[in-house]
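In what follows, every heavy atom counts, from backbone to side chain, and hydrogens, waters and symmetry copies are set aside. Residue numbering restarts at 1 for every chain, and letters A, B, ... go by the order of the sequence lines.
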Amino acid sequence: MIDRPHSLNRCPDGISGECFYQKDIDHELPSGLYTKQIFSESKNAYINYFICNGVEALLYMVNLGCIDMHPWHSRAGTLEYPDYAIIDLDPLGVGFEVVIKTALEVKKVLDELSCEGFCKTSGSKGIHIFLPLGAKYSYDIAFNFTKLLAGLVSQRIPDITSLERSPLKRPNRVYLDCYQNRMGQTIAAPYCIRPRKGAPVSAPLLWEELKKPLRPADFNMQNIFKRLKKTGDLWQKMPGKSINLEKILRNIKR
DNA sequence: GCGCATG
DNA sequence: CATGCGCATAAGCTC
DNA sequence: GAGCTT
């Protein structure tokens, strides 16, 4: 989350009350906290995005009623260049075992292309797959690369996956959502608690953990620290890494 | 949670 | 003075 | 052209 613009998902009345999104911070911040003006094409105006620059900033968000956190994929200093590309596996009408099956197929494709990837539960129903880019490529390139990968995956398991955006056109499928790879899009940060019953968290996983009995609710506010103690912070394997896109694209042509 | 407009 | 409302986004769809 | 989905 550090140094990233955030969309604030505020739930001032807790998970049973109404939540709302806020991007534009219109009030003064305590010293040490800051916003960054980022131009919005649609608004044709600047938005003061909250930049989370440390623990105090995180606590400030919590105090505004934020439960789950929604950081950008790029940091304030390199806004145009995401640190990772994301494939969001989003099931519609199928169980988590099908999401696992899909994720394993993604992993297979990644392995064949010698492309490094990391995965985590979304905290709700799906799985997020991260491909480290090291702020070397644009959002546009990240978007197109994930579309290419998603195409390869859905070719192999067309019966359980779909690339269709409309829910009507992807019944009982896992949606391979590449749409997140655009500037300003966000997904729930690793380890954040989702505002749902049971307080599930988005949990980084080892690929080897993707097998049958696993369920998203296995990871929650109550037990995540015990897991952290045991596995360490799996997400710390990500920072600083980057795939070599030129090399990987050559592997596809074969 | 809070500022603002409305009645 | 109580009550209600807004507080996100861009683009490709379908209707 | 409005409305829905992410």
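- Here dT6(D) presents its P atom at 15 Å from CZ of F143(A), a figure rounded to the nearest Å.
- Proximity note for D177(A) (side chain, C-beta onward) versus dT9(C), dG1(B), dT6(D): the nearest is dT6(D).
- On a pure distance criterion of 3.5 Å, a polar donor-acceptor pair joins the side chain of R165(A) and the base of dA11(C).
- Closest to the side chain of Q185(A), from the set dT9(C), dT14(C), dT6(D), is dT9(C).
- Among residues two or more places apart in sequence or in another chain, the side chain to side chain donor-acceptor pair (under 3.5 Å) test is passed with Y179(A) by none.
- Nucleotide dT14(C) holds its C1' atom 8 Å from the NZ atom of K169(A), rounded to whole Å.
- When the C1' atom of dT9(C) is taken as reference, atom CG of N9(A) falls 14 Å away, rounded to whole Å.
- Where L168(A) and R10(A) each meet DNA chain C at their nearest nucleotide, the meeting point lying more 5' is that of R10(A).
- The separation between I187(A) atom CD1 and dA8(C) atom C1' is 17 Å, rounded to whole Å.
- Side-chain N or O atoms of S202(A) include one that pairs as donor or acceptor with a backbone N or O of T121(A) at under 3.5 Å.
- Comparing dT14(C), dG1(B), dT6(D) against the side chain of P12(A) picks out dG1(B) as the nearest.
- Look at the P atom in both dT6(D) and dG6(C): the space between them is 23 Å, to the nearest Å.
- A donor-acceptor pair shorter than 3.5 Å cannot be found between the side chains of Y49(A) and D24(A).
- Both thresholds, 5.5 Å between centres and 30° between ring planes, are not jointly met by F20(A) relative to the base of dA8(C), so the two rings are not stacked.
- Side-chain proximity of Q22(A) to dC15(C), dC7(C), dG1(B): nearest is dC7(C).
- As rounded to whole Å, 20 Å separates atom P of dA11(C) from atom CD of E164(A).
- Considering only the side chain of R182(A), dA11(C) comes nearest among dA11(C), dT5(D), dG1(B).
- Distance CZ (R173(A)) to C1' (dT6(D)): 19 Å, rounded to an integer number of Å.
- In this structure, C11(A) and C19(A) have their SG atoms less than 2.5 Å from one another.
- Protein atom NE2 of H70(A) is 13 Å distant from nucleotide atom C1' of dT9(C), rounded to whole Å.
- Residue D24(A) is classed as a sugar-phosphate contact, given heavy-atom separations below 4.0 Å to backbone atoms only.
- Checking dA8(C) for Watson-Crick or G-U wobble geometry (two distances, each under 3.5 Å) identifies no partner in any strand.
- A straight line from CG of L8(A) to C1' of dG1(B) spans 13 Å, rounded to a whole angstrom.
- When the nucleotides dG12(C), dC7(C), dA8(C) are ranked by their closest atom to the side chain of Y21(A), dA8(C) comes out on top.
- Between R75(A) and E80(A) no salt bridge is recorded (no basic side-chain N to carboxylate O distance below 4.0 Å).
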